[in-house]
Amino acid sequence: VTPRSGWRAGLIADRRLWSKFYLQPQLVLNKKGYNYDFYNSETGTSGKTERQLLYVELQSSMLFKQQFRGGKLFAGAGAYIGHGINGSETAKAHYELNGSFVTTTTHYDVKYRKNEPEYSGVTTVRYVKPYDAGLNFLAGYELKNGLFFNATYSLGVTDLGHWGGWNSRNTYWGLSVGYFFKKFS
């Protein structure tokens with residue numbers, strides 16, 4: 001399983017709690033996904049599955065910030081909870097049929113349902129549990145003008161469903177650029 005690149009956009013607040021410690025709550029739209037190569041030795045079928053999922057997430061991180069060369073270095077961790085709002089999956093399979101190689105492509109809509117299995121026979125729908133939760137780790141640099149850059153690693157802890165004999169969890173890493181609007185007196 002290899003992660004897919006995606007995008008994220010949202011709103012973030014930055015609240016100093018004490019000294020060099022800050023709280024950063026966020027409301028984020030976050031696109032996640034993965035690519036999965038498969039091979040079935042019994043049928044000789046190989047292929048690739050590509051899944052894209054869109055979540056709205058509420059994140060909260062505790063950060064430590066240290067002054068460094070006109071800005072601040074920061075590092076921190078926190079938790080998130082998300083709800084799936086959209087998704088799709090494409091599966092391409094390659095196999096031999098009557099001496100010829102055949103490629104098939106199947107498109108699936110991802111539906112978020114609490115009690116339905118992810119795979120339920122021949123269908124064009126894949127079911128994923130709607131809620132996701134996990135831990136975030138981040139580090140970066142904030143300029144005095146409010147512009148910031150960070151790297152994030154997110155470790156999902158929620159089992160989203162079973163597919164191909166393994167549990168599905170959202171785990172990703174990313175790079176972000178953002179801007180803190182300042183209050184004017």
Side-chain angles (χ1 to χ4, degrees), residues 1-36 50-89 110-115 118 127-163 166-185:
V1 177
T2 55
R4 292 182 56 84
S5 57
W7 54 267
R8 55 188 259 146
L11 301 171
I12 181 172
D14 189 48
R15 180 75 177 154
R16 176 188 241 164
L17 297 178
W18 68 92
S19 185
K20 298 177 182 182
F21 292 92
Y22 291 74
L23 179 66
Q24 282 191 352
Q26 300 180 49
L27 181 62
V28 179
L29 278 175
N30 204 352
K31 189 170 187 179
K32 304 176 183 185
Y34 61 83
N35 296 337
Y36 173 70
E50 299 175 351
R51 179 176 279 183
Q52 297 182 38
L53 304 172
L54 183 61
Y55 285 85
V56 60
E57 293 180 352
L58 182 58
Q59 302 178 355
S60 184
S61 297
M62 179 73 76
L63 274 73
F64 176 81
K65 295 185 180 186
Q66 177 64 49
Q67 293 283 47
F68 182 76
R69 296 189 181 188
K72 294 179 184 175
L73 285 172
F74 62 86
Y80 76 87
I81 186 166
H83 188 277
I85 58 174
N86 196 358
S88 66
E89 182 175 300
V110 171
K111 303 291 183 189
Y112 296 93
R113 301 279 188 271
K114 183 177 180 183
N115 295 319
E118 181 175 339
Y127 294 103
V128 175
K129 293 178 183 174
Y131 294 100
D132 185 23
L135 303 172
N136 286 326
F137 304 92
L138 64 148
Y141 189 72
E142 179 183 333
L143 301 171
K144 281 186 178 180
N145 66 3
L147 189 64
F148 66 90
F149 309 88
N150 71 18
T152 304
Y153 176 74
S154 179
L155 177 63
V157 297
T158 305
D159 178 11
L160 301 174
H162 303 282
W163 188 84
W166 47 275
N167 291 342
S168 178
R169 288 182 170 71
N170 283 323
T171 301
Y172 70 92
W173 70 270
L175 301 173
S176 299
V177 176
Y179 183 77
F180 291 119
F181 293 100
K182 303 291 182 185
K183 292 183 180 179
F184 296 100
S185 303

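- Considering all non-hydrogen atoms of both residues, T171 and G156 come closest at OG1-N, 3.7 Å.
- Across every non-hydrogen atom of A79 and N136, the tightest pair is O-ND2, 4.4 Å.
- A donor-acceptor contact shorter than 3.5 Å links the side chain of T158 to the backbone of A133.
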Result block: side-chain N/O donor-acceptor pairs under 3.5 angstrom for residues 62-74, not counting sequence neighbours:
| residue | atom | partner | partner atom | Å |
| --- | --- | --- | --- | --- |
| K65 | NZ | D14 | OD1 | 3.1 |
| K65 | NZ | D14 | OD2 | 2.7 |
| K65 | NZ | E142 | OE1 | 2.6 |
| Q66 | OE1 | K20 | NZ | 2.7 |
| K72 | NZ | Y22 | OH | 3.1 |

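- In terms of heavy atoms, L138 sits closest to S61 at CD2-OG, 3.6 Å.
- Remark: side-chain polar atoms of Y80 are not paired, donor with acceptor, to backbone N or O of D132 under 3.5 angstrom.
- Here CZ of R169 is found 5.0 Å from CG of D159. Values are rounded to the nearest 0.5 Å.
- When atom types are taken as modelled, the side chain of Y112 and the backbone of N86 share a donor-acceptor pair closer than 3.5 angstrom.
- The CD atom of Q24 lies 13.0 Å from the CZ atom of R15; values are rounded to the nearest 0.5 Å.
- Considering OH of Y141 and CG of L143, their distance stands at 6.0 Å, rounded to 0.5 Å.
- Contact between N145 and Y179 at its shortest, heavy atoms only, is O-CE1, 3.0 Å.
- Considering all non-hydrogen atoms of both residues, F137 and A77 come closest at CD2-CB, 3.8 Å.
- Test I81, T152, I12, N30 against Q59 for side-chain contact (heavy atoms from CB on, under 4.5 Å) and you get one pass: N30.
- How far CG of N35 is from CZ of R51: 11.5 Å, rounded to the nearest 0.5 Å.
- Among R8, K32, K31, the single residue meeting the side-chain hydrogen bond (donor to acceptor under 3.5 Å, both in side chains) criterion with Y172 is R8.
- Around the CZ atom of F180, the shell of radius 6.0 Å holds more than 12 heavy atoms that belong to other residues, nucleotides or ligands.
- Within the 4.5 Å cutoff, side-chain heavy atoms of S60 are placed close to those of L23.
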